[in-house]
Amino acid sequence: MQGGCSEFAALKARPRVWPRSFEERRYAPWETFPLGLVMSALDGVEFGGLDAEVSVQKVLEEARGMVHPGVETWVRHAVATYLEDSRWLADEVGDVVLLPHPEARVVQHVGSALEVRALTGWGRWYASADGSVREVRRLRVGRMGTGEDPSNLALAHVTAFGARAAGSVYRDLPVEVRADPAEARRVRVVEVVVSDERVPKVVVDAAPGEVARVYRERAQPVAADIVFGGSRRPGSDCADCKLRAECGALPHVPGLLGLGGRGTHRRVWSASTAGQYRICPAQAHLRDQRLPGDWSDHPAIRRGTLVHSWLEAAHARFPYRGCSEDDLPEAGNHGIGLAAEFMTADEYRQVRPYLLSHLEACPLREPAGVTSVTVEPSVAAYDSQADVLVVARPDLVYVKEGRTVYREQKTTGDPDGWEADGLFERVPQLALAVCLVADGAFGGEAPVAGTVELEVMTPVGASLFSFDTGDADVVVRARAELTKLTGAWHTDVEFRAVPGEHCATCPVARWCPDRYESPGSGPIDVDGVLIDPLTGEILNEAPVTGLAQAVAAGISEPDADDEPPF
């Protein structure tokens, strides 16, 4: 739930609550939840007696929508990994034999016909023959949690005190249940990462009494917060939210992308989507499916992350004030100031030249007239004409003298090669920002006069480019770029791979059967532009095309929100 919309989560917790206005839902023509395919294939193995490969093939053939070849590869890998991990777990648990059971567990309270409270979980359920030893295995795509996670504590509670559901815990409320022959005496929650060879992690192994105590102290308050909701925060959640059509927090901007039709179904688009699709439609699709990626941890990439972290902390200070040399002491006996919270002294020495260059371009160096500053806000707008939810994450949005200013910030070791002409193609975020501001996504009657800025920081200085959203010609050029970026993506249902040297930098290439196998490890050539495959730095003076910039940006600026949340 962290970072999402509280009201969206509260509504999901109420499956029988729907808005008064009916909206027919259009579904994607492809499978949208690869982990669900893995679960179905494992059901075929554990409850249908099928060979793993036979079960996977059956699930893929019977899928309701298209399954991309890259998703197929991942599903096969995930099923094989889980079954191998299951053999390890069978030895690890001791002398107890745990048997799989298909029924989910549920703890429910039926107060009246109008009040049914239920707590359940999603995973693979196991128990000894009498039910005294119980285990739930939580499938993880990439990230692994801990026993302190409220979600794992809630899973432990359901495992300890839940009965087996005879029906669907999502549709049939109250659901018919059946009890185990014996009460639980040992409860286990195990996390299994199905994308790599990590050993499964037992995050809870305790008696029911201890499970109940920890649940009351640490998880129950979190569950209460989710159920009762709170503030509305527009973002990617809006695409599936029951209140989307009626929510006053989500700006409705018909025609934002300049597209003529509504496509196949409601889609979510961002500037990151544009860059990925420009490189390769298959990459965009696999990353949209949240398949785990391989990311470079090169110091140049770490540098950009640290610079943005420092700027976020500095610009969030109140009262508002500009960044100054006092904020950037030389690393020594007197400390490193703000930077001490998130970087080492050695890292600070590396990023300090970039931060010093920022001082001359700091948007708050003259704070008079600034009435609002929001650092890295979640921004969303719904284009009803195209049925696309557009999301963005600007580095900074502030209001000065009543005028909205939207700023993007980039770091580069090369001070050359940045010119105002062609920036909308090179940095899609700018074209999107111009249209969001001009169309009133931040308030006001369109067209809105505001400013979109790009700050490029180098070790020797900063460049600042500005675009006036009240200039009709600027908006026309920005809209044309958005339409060009979204047109083919909006109707694509196949997302075919476009192999090339850039496959060497694709984070999801290991799942793509069509990937290009690079013969070497040197610079990659994209439209005549030589790019360092580790840092994304451009190594020659050739004209930078949109594709080359997308490849370079994909390496040097990995999307922090792109990794699987589970």
Side-chain angles (χ1 to χ4, degrees), residues 2 30-46 52-53 55-57 59-60 63 66-90 92 100 121-126 135-147 149 151-152 155 189-203 236 272 276 279-280 282-297 301 495 497 503-515 517 554-555 558-566:
Q2 186 175 6
W30 56 79
E31 289 290 330
T32 58
F33 188 41
L35 198 56
L37 299 175
V38 174
M39 290 285 276
S40 296
L42 292 173
D43 285 347
V45 174
E46 293 188 334
E53 183 55 37
S55 185
V56 169
Q57 190 60 36
V59 167
L60 294 175
M66 180 271 290
V67 181
H68 192 277
V71 174
E72 287 191 20
T73 300
W74 180 80
V75 168
R76 295 180 193 280
H77 175 90
V79 169
T81 299
Y82 181 86
L83 293 174
E84 180 64 29
D85 287 343
S86 291
R87 287 186 281 271
W88 181 87
L89 285 168
E92 186 272 341
W122 194 78
R124 303 201 64 78
W125 304 89
Y126 298 82
E135 179 173 288
V136 60
R137 297 178 190 169
R138 185 176 189 180
L139 275 64
R140 291 282 201 171
V141 172
R143 297 179 180 177
M144 186 171 276
T146 70
D149 293 348
S151 56
N152 281 333
L155 267 178
V189 178
V190 181
E191 293 202 345
V192 181
V193 177
V194 295
S195 300
D196 56 37
E197 307 307 319
R198 271 179 282 181
V199 173
K201 183 177 182 181
V202 180
V203 293
S236 56
S272 295
Q276 294 159 16
I279 297 169
C280 174
Q283 180 187 144
H285 181 70
L286 297 183
R287 294 176 75 171
D288 182 61
Q289 296 291 284
R290 308 304 289 272
L291 296 195
D294 300 316
W295 312 101
S296 173
D297 58 356
I301 298 172
F495 298 95
C503 290
T505 69
C506 175
V508 289
R510 63 170 162 151
W511 311 119
C512 180
D514 298 318
R515 65 186 179 277
E517 298 291 350
I555 302 169
D559 189 345
D561 297 325
D562 200 45
E563 275 287 75
F566 41 77

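The basis for the numbers below is simple: all heavy atoms, side chains too, and nothing from hydrogens, waters or symmetry mates.
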ask   = Is any side-chain heavy atom of Leu83 closer than 4.5 Å to a side-chain heavy atom of Val45?
value = yes
message = For a quick check under 3.5 Å, do Arg515 and Gln283 share a side-chain donor-acceptor pair by atom type?
response = no
query = Looking at Pro69 and Pro513, what are the two nearest heavy atoms and their distance?
reply = CB-CG, 3.8 Å
message = Counting C-beta onward and ignoring hydrogens, is there a side-chain heavy-atom pair between Arg87 and Glu92 closer than 4.5 Å?
response = no
request  = Could you check if a side-chain atom of Leu37 sits within less than 4.5 angstrom of a side-chain atom of Val67, using non-hydrogen atoms only?
outcome  = yes
ask   = Is any side-chain heavy atom of Val194 closer than 4.5 Å to a side-chain heavy atom of Val192?
value = yes
task = Without swapping roles, check the side chain of Asn152 against the backbone of Asp149 for a donor-acceptor pair under 3.5 Å.
result = no
request  = Report yes or no: does Ser195 contribute a side-chain atom to a donor-acceptor pair with the main-chain N or O of Val141 at less than 3.5 Å?
outcome  = yes
inquiry  = Return the CE to CD distance between Met39 and Glu46, rounded to the nearest 0.5 Å.
reply    = 9.0 Å
message = Is there a side-chain contact between Glu135 and Trp125 in this structure, where contact means two heavy atoms from C-beta onward sitting under 4.5 Å apart?
response = no
ask   = Shortest non-hydrogen contact from Leu291 to Val71?
value = CD1-CA, 4.3 Å
key: Least distance between heavy atoms, Ala497 atom then Ala282 atom   = CA-CB, 3.6 Å
query = Could you give the distance from CD (Gln289) to CD (Glu31), rounded to the nearest 0.5 Å?
reply = 9.0 Å
inquiry  = On a heavy-atom basis, which atom in Thr81 and which in Asp196 lie closest, and how many Å separate them?
reply    = CG2-O, 3.3 Å
query = Out of curiosity, Phe495 CZ to Asp288 CG, how far, rounded to the nearest 0.5 Å?
reply = 7.5 Å
message = On a heavy-atom basis, which atom in Val203 and which in Gly145 lie closest, and how many Å separate them?
response = CG1-O, 4.1 Å
query = Can you name the one residue among Arg198, Arg143, Lys201, Arg140 that meets salt bridge (Lys or Arg N to Asp or Glu O under 4.0 Å) with Glu191?
reply = Arg140
query = Do the ring centers of Tyr82 and Trp88 come within less than 6.0 Å of each other?
reply = no
query = Yes or no on side-chain contact (heavy atoms from CB on, under 4.5 Å) for Ser151 and Arg138, after CA distance, side-chain angles and deciding distance?
reply = CA-CA 10 Å; Ser151 56; Arg138 185 176 189 180; 2.8 Å; yes
Audit row: Val75, Val56, side-chain contact (heavy atoms from CB on, under 4.5 Å) steps and yes/no = CA-CA 8 Å; Val75 168; Val56 169; 4.2 Å; yes
ask   = How far does CZ of Phe33 sit from OG of Ser40, to the nearest 0.5 angstrom?
value = 10.0 Å
message = Closer than 4.0 angstrom, basic N to acidic O: yes or no for Arg124 and Asp43?
response = yes
key: Arg287-Ser272 side chain donor-acceptor pair, cut-off 3.5 Å   = no
query = Are any side-chain N or O atoms of Trp74 and backbone N or O atoms of Pro292, one a donor and one an acceptor, separated by less than 3.5 Å?
reply = no
key: His68 side chain reached by Leu286 side chain, heavy atoms, under 4.5 Å   = yes
query = Could you go step by step and tell me if Arg137 and Ser86 meet the side-chain hydrogen bond (donor to acceptor under 3.5 Å, both in side chains) rule?
reply = CA-CA 10 Å; Arg137 297 178 190 169; Ser86 291; 3.2 Å; yes
ask   = Of all heavy-atom pairs between Leu35 and Leu139, which one has the smallest distance, and what is that distance?
value = CD2-O, 3.9 Å
